Amino acid sequence: STSGQSLVVESLYGKDLAASHDTLIEHLWKDSCVWDDKKFLTCAVSGSSYTYREARRLTHGFARALAGGLGGLDAKGQRLCKGDVVAVVAPNTPEFVLAAHGAIEAGLTVTFVNPLYTPEETARQLAICGTRLVLTVPILLPLVRAVAQKLPQYVGTVLLDQQPSEQPAGEFSFQCLAAEGASTEGVRLPRNAPEDVAILPFSSGTTGMPKGVMLTHGQLVSNLEQNLHPDFRFALYTRGDVQDTLLSILPFFHIYGLNSVLHTSMLSGQHLISMPKFTAEDYIGALLRHRPTGLAAVPAVVQFLSMHPAVKPDHLASVRYVMSGAAPLGLDVIKRLNDKAGRELDLRQGYGMTETAPVTVLCSRHTPLDKRGSVGQLLPGTRARIADLATGEDLGPGQRGELLIKGPQVMKGYYKNAEATREVVDDEGWLHTGDVAFYDEDQYFYIVDRTKELIKVKGHQVSPTELESIIRQIPGIADIAVVGVPHERFGEVPIAFAVLQPGAKVTEDEVTSFVEPKVAPYKKLAGGVKFIDAIPRNAGGKVLRHQLKAMVTK
Ligand code: 4UW
């Protein structure tokens, strides 16, 4: 850091945040007795539903079953120990939440696998984490069984069932374990500490393959407190007959769906309506049936709501607020949704990263409409700098550079990957986001580009490195680079640039159909394949991705 002048931007809502010493589950349930008998969580599709009281009983019950080795969990003499990793391989269901929370309460660390992953993608994540237990749903059981067999130290699989069910040997029922734990006296739960790692969501960061992001209890709780600051919070606190209902399409396996939607919803006593996957029919059905006061969305959903002819103004009659993030959303789309609703919704964008638990910048309730195309202002206790892309010097308002973030929500590091951690978190604790941004005179931030490789398809992370390493296996491919190109509905899609070996014949179709069965559907090469003579690289061998993008977006 040779920079002369340091231009640190501090939050207008409080420079520092008072440290909380709560652990996550303790924090989430602290004030819940006020809304004990209200609805907590309902699946829009299956109708499976729990009140706060029921959910708390099953969460604690499951924690005790895990910690006490109840229900045959320690049959092989392999009691789960504090810090062991449990993986959830499941779409959104209410039981996903209760079981994941129970595992965290039992001192375990939870990793989340995208349920659309192929067996190979799933196996990689489970192996990196040294997974000891998997929580899954019936439809994914064959995949989990095939993959988990190869894990050393593996204890078994817990089925996230709505009703207690009989499981074949080696597998367990969530409901049976939770009921047994709830009625067994004398099981002692290990003590969690704020610096213990609670979850390990995956992110590719600025470069390379997806990595486990270590988020501690303290980091998650800090971000909840920042997010629920009176100027930033969305929902009303539940009191008497007042209860907000939040319809969310965000997956719980993604940090936005978990910490920013589910956990803030719990802390306000809201009724959260979750969906296992997005379909227009289910979504409109849920708007009509549940009449939500809030929507948790990504830009593709905001676009759907504003543009789709099947969404009528009346469907939005109950909606007071909308949150959007994970990808860029223009002011034009926001205005179009307001037009459809026939009034100004409290639609606000936020900017976050898995590595920051996740929110760092958010529009406040006071943000004027003309600033709602920004991602907002710094949350309390969060600091930012804009670093010149060439020199690293700090820049001032209106100048574009890499966004650096510091705050109590920044991750502990990448799991078992100190080198990757050093690449993004510097000695002074600044996280180098790999996003290009600027801020205006009122400290509203705008994300304008990325220096990192990451591609975002409908808000989902796609790692170019991962696609490149698959394509490299095709005989005849001499060199390869994958980049993201703009797409009308998905935000971005991956496109491959391939260099063939002399005399080799490989077609676009051969490449796309080689990749497709090996990756989750959103990662496929929807932008196609371009054959070129050489991949442009800088002197250090780094692919000049902007140059490749320019070849197709001109
Ligand atoms: N505009 C432009 C944005 C934006 C964006 C993210 O998958 P990850 O690691 O994490 C996320 C988290 C998003 C998020 C969480 C909580 C929340 O409240 C909220 O807003 C309401 C959003 O996406 O991907 C991180 C990367 O995704 C891009 C950016 O490149 C970032 O580094 N990104 N949000 N609003 N780009």
Side-chain angles (χ1 to χ4, degrees), residues 112 114 199-207 210-213 215 220 223-224 226-229 232-235 246 248-265 294-302 321-331 333-334 346-364 367 372-377 379 382 384 402-405 409-411 414 424 431-438 444-464 484 486 491-492 522:
F112 305 94
N114 187 327
I199 61 170
L200 270 183
F202 268 57
S203 164
S204 63
T206 53
T207 179
K211 298 169 270 290
V213 176
L215 292 174
L220 292 164
N223 201 234
L224 291 169
Q226 295 173 307
N227 214 342
L228 290 168
H229 181 280
F232 288 100
R233 53 178 298 115
F234 287 89
L246 176 58
S248 173
I249 50 89
L250 276 306
F252 298 132
F253 68 74
H254 189 260
I255 192 70
Y256 177 11
L258 189 82
N259 211 36
S260 309
V261 176
L262 170 69
H263 293 167
T264 62
S265 176
L295 305 177
V298 293
V301 172
V302 179
Y321 71 85
V322 183
M323 49 174 121
S324 176
L329 177 67
L331 187 57
V333 185
I334 297 174
D346 184 16
L347 194 158
R348 296 191 242 147
Q349 299 194 62
Y351 162 81
M353 283 172 77
T354 309
E355 287 82 347
T356 54
V359 200
T360 52
V361 183
L362 186 63
C363 285
S364 83
T367 301
R372 296 209 177 197
S374 78
V375 292
Q377 298 172 307
L379 289 183
T382 308
E402 184 179 12
L403 175 61
L404 274 48
I405 292 284
Q409 71 273 55
V410 173
M411 66 167 176
Y414 292 116
V424 296
L431 176 82
H432 296 239
T433 64
D435 289 307
V436 181
F438 70 89
Y444 283 97
F445 283 78
Y446 292 82
I447 308 294
V448 291
D449 197 4
R450 286 192 203 111
T451 56
K452 60 184 165 190
E453 299 168 355
L454 175 67
I455 303 169
K456 275 275 176 117
V457 182
K458 289 190 282 182
H460 290 287
Q461 286 205 5
V462 177
S463 151
E492 286 180 283
Y522 62 90

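Source: prediction; values computed, not measured. As the structure lists them, so they are numbered: ligands from 1, and atoms in each ligand from 1.
- For ligand 1, the atoms sitting less than 4.0 Å from at least one non-hydrogen atom of R450 are 30 (O), numbered in the order shown with element in parentheses.
- The closest approach between a heavy atom of K452 and any atom of ligand 1 is below 4.0 Å.
- Of all the heavy atoms of M353, the ones lying under 4.0 Å from any atom of ligand 1 are found in both the backbone and the side chain.
- Atom-to-atom distance recorded for Y444:OH and S364:OG is 5.0 Å, nearest 0.5 angstrom.
- Of the protein's heavy atoms, S324 O, 3.3 Å lies nearest to atom 21 (C) of ligand 1.
- Residue H460 does not touch ligand 1, judged by heavy-atom distances below 4.0 Å.
- Considering P201, S260, S203 as possible partners of P358, the one that fulfils the side chain to side chain contact (heavy atoms under 4.5 Å, CB included) test is S260.
- Residue contacts with ligand 1 for S260 involve side-chain atoms from C-beta outward but no N, CA, C or O (heavy atoms, distance under 4.0 Å).
- Under a 4.0 Å criterion applied to the non-hydrogen atoms of H254, ligand 1 contributes the atoms 7 (O), 8 (P), 10 (O), 11 (C), 12 (C), 23 (O).
- Scanning the protein heavy atoms around atom 35 (N) of ligand 1, the nearest turns out to be G350 O, 2.7 Å.
- The shortest heavy-atom contact between L250 and Y256 is CD1-CD2, 3.4 Å.
- Listed by atom number, the atoms of ligand 1 under 4.0 Å from P358 heavy atoms are 15 (C), 16 (C).
- The salt bridge (Lys or Arg N to Asp or Glu O under 4.0 Å) check on K456 picks up nothing, with sequence neighbours excluded.
- Here the heavy atom of the protein found nearest to atom 27 (O) of ligand 1 is K456 NZ, 2.9 Å.
- Looking at every heavy atom in both residues, F252 comes nearest to G257 through CD2-O, 3.8 Å.
- A pairwise comparison of heavy atoms in L246 and A296 identifies CD1-N, 3.7 Å as the closest pair.
- Residue N227 has no nitrogen or oxygen atom sitting less than 3.5 Å from a nitrogen or oxygen atom of ligand 1, judged on distance alone.
- Of the protein's heavy atoms, G352 O, 3.4 Å lies nearest to atom 25 (C) of ligand 1.
- Interface of V359 with ligand 1, defined as ligand atoms under 4.0 Å from a residue heavy atom, comprises 16 (C), 17 (C), 18 (O).
- When only non-hydrogen protein atoms are considered, atom 31 (C) of ligand 1 lies nearest to D435 OD2, 3.2 Å.
- Shortest contact from atom 4 (C) of ligand 1 to any protein heavy atom: A327 N, 3.6 Å.
- If you number the atoms of ligand 1 from 1 as listed, the ones under 4.0 Å from a heavy atom of V375 come out as 1 (N), 3 (C), 35 (N).
- Among T382, N259, T360, N227, the one residue that satisfies the side-chain hydrogen bond (donor to acceptor under 3.5 Å, both in side chains) test with Q409 is T382.
- The minimum heavy-atom distance between V359 and Q226, with the atom names listed, is O-OE1, 4.4 Å.
- L224 and H263 make their closest contact through CD2-CB, 3.5 Å (heavy atoms, listed as atom of the first residue, atom of the second, distance).
- Across all their heavy atoms, L454 and V462 have their closest contact at CD1-O, 3.8 Å.
- The nearest heavy-atom contact from the protein to atom 9 (O) of ligand 1 is T354 OG1, 2.6 Å.
- Classified by interplanar angle (parallel below 30°, tilted 30° to 60°, perpendicular above 60°), the ring pair H460/F253 is parallel.
- Nearest protein heavy-atom contact of atom 2 (C) of ligand 1 is P328 N, 3.5 Å.
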